[in-house]
Amino acid sequence: MYEGAVQDLIDELGRLPGVGPKSAQRIAFHLLQADPADVERLAHALTEVKLKVRFCEVCFNVAEADRCRVCLDPRRDLHAICVVEEPKDVVAIERTREFRGRYHVLGGAISPIDGIGPDDLRVRELLTRLGDGTVTEVIIATDPNLEGEATASYLSRMLRDFGLRVTRLASGLPVGGDLEYADEVTLGRAFEGRRLIDV
Amino acid sequence: MPLYRDEAIVLRTQKLGEADRIVTVLTRRLGKVRVVGKGVRRTKSRFGSRLEPGMHIDVQCYEGRSLDTVTQVETLDPWGDAIARDYPSWTAATAVLETCDRLTEEREPALQQYLLLAGAVRSLAGKEHDPNLVLDAYLLRALAVAGWAPSFHDCAKCGAPGPHRGFHVVAGGAVCPGCRPPGSAAPAPETLLLLAALLAGNWVVADDSDPRHRREGSGLTAAFLQWHLERGIRSLRMVER
């Protein structure tokens, strides 16, 4: 147990996800030994992020204005919306440079065991966005786990009457792996989603 | 380092650290065990998909100081995958899994609960019956295995032969006019017949039942469950009745 400010810092760092007491202590002592300018920059970044960053009023991605960078970009395709669970999923999809439409961040997945139902997610806001008829395709890109799958099945049921093209990201074999190591569920889905080879 | 291997059904998962998960499984021999699946959240994980709720697996773990760690998993039946594709089945399955988690203790063998759970999850995955009927049948039978069998025919207090019109959760089920406490419910006779059929596994009667009686039976089952568990099952709120 340390005294005063050092212990306060360790306690605060220990509240961060994935940081245990030992890691918190190591980071605290690293900060004590670091250049004051570096620590100042870190403190400034922490306060700035809380002051400046908010959720986009359209897609609920993180933004520094009322709307995020993607929603403000006039070159983006207005007819396609990709539905994801978290803002970090937007970053992952943007890295692929394959998708030119816009996003909708649900804020999680349906998880009855954790008390998270459809009303706790931004499903109603998605339905409102689809109301004006501009969007013609909804791509559901929830996580490829059972909660993500169940959320996708709930959304597809909700979107049935909108007359849209509703698609789900394909599941299958990771690039760079060996087929013999694939598990049955992944391999089964890869078979389900097999595609024609153009010759 | 002691290794063990058992047949199991995954009850729930919780995120741990960067890419790990704490996985609660009900095993056939050892009872409920909490194990760590290392790196299972990575897309290249070899057994991440096998450690999802509702999956029927053959698992090998080594014992740790606080939590055991998964070393190998094989899928016996991918029930969870089939269930997640149908939203009503999935909400019913999560209520089944949560109830099982609440009714079993860690490291206490619970073979009857295991077999009951396997039957319910298999039935939901195979879409054998209405998911709500499977859920109510599971809840009633799981409570019976835990020692809280409700009575739907004879009086739960004095044993007077039924059928009786009154139903009281605290009394333990159907109650005769002499034992009927104030505030007892008066469900339709068909509802009590349906609940008795679900408890006994009489699917011919259950499948033929009226939706009105199914809804009433679900309400009584949920009240009975909540009374005995003292705390509600969160997933039940999401089940579409």
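As the structure is a prediction and not an experimental result, all values here were calculated from the model. Below, chain A is the first sequence line, B the second, and so on; all start at residue 1.
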*asked:* Within residues 4-35 of chain B, which residues come under 4.5 Å of chain A, heavy atom to heavy atom?
replied: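 Result: B:L11, B:R12, B:R21.
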Checklist line | Part of residues 210-238 of chain B lying next to chain A, heavy-atom separation under 4.5 Å | finding: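 Counting heavy atoms that sit under 4.5 Å from chain A, the residues of residues 210-238 of chain B involved are B:R234, B:S235, B:R237, B:M238.
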Give, for atom [atom1] of [X] and atom [atom2] of [Y], the distance between the pair rounded to the nearest 0.5 Å.
X	Y	atom1	atom2	result
A:E147	B:T94	CD	OG1	9.5 Å
B:L51	A:D183	CG	CG	10.0 Å
A:S171	B:D81	OG	CG	9.0 Å

Next item on the list: Heavy-atom distances under 4.5 Å only: say whether A:I116 touches chain B with side chain, backbone, both or neither.
Entry: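 For A:I116, backbone heavy atoms alone lie under 4.5 Å from chain B.
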Quiz prompt | Contacting region of A:D114 [heavy-atom separation from chain B under 4.5 Å] | solution =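 Contact with chain B: backbone and side chain both.
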Could you tell me whether A:D143 and B:R41 have a side-chain N and a carboxylate O separated by less than 4.0 Å?
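No salt bridge links A:D143 with B:R41.
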More than 12 non-hydrogen atoms from neighbouring residues, nucleotides or ligands closer than 6.0 Å to CZ on A:R165, yes or no?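 Open: at most 12 neighbouring heavy atoms sit under 6.0 Å from CZ of A:R165.
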> Relative to chain A, which segment of B:D101 carries a heavy atom at a distance below 4.5 Å: side chain, backbone, both, or neither?
Replying inline: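 Neither part; nothing is under 4.5 Å.
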So do the side chains of B:P88 and A:Y154 get within less than 4.5 Å of each other, counting heavy atoms only?
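The answer is no; the side chains never approach within 4.5 Å.
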Out of B:G48, B:G80, B:S45, which one racks up the most heavy-atom pairs below 4.5 Å with chain A?
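That would be B:G80.
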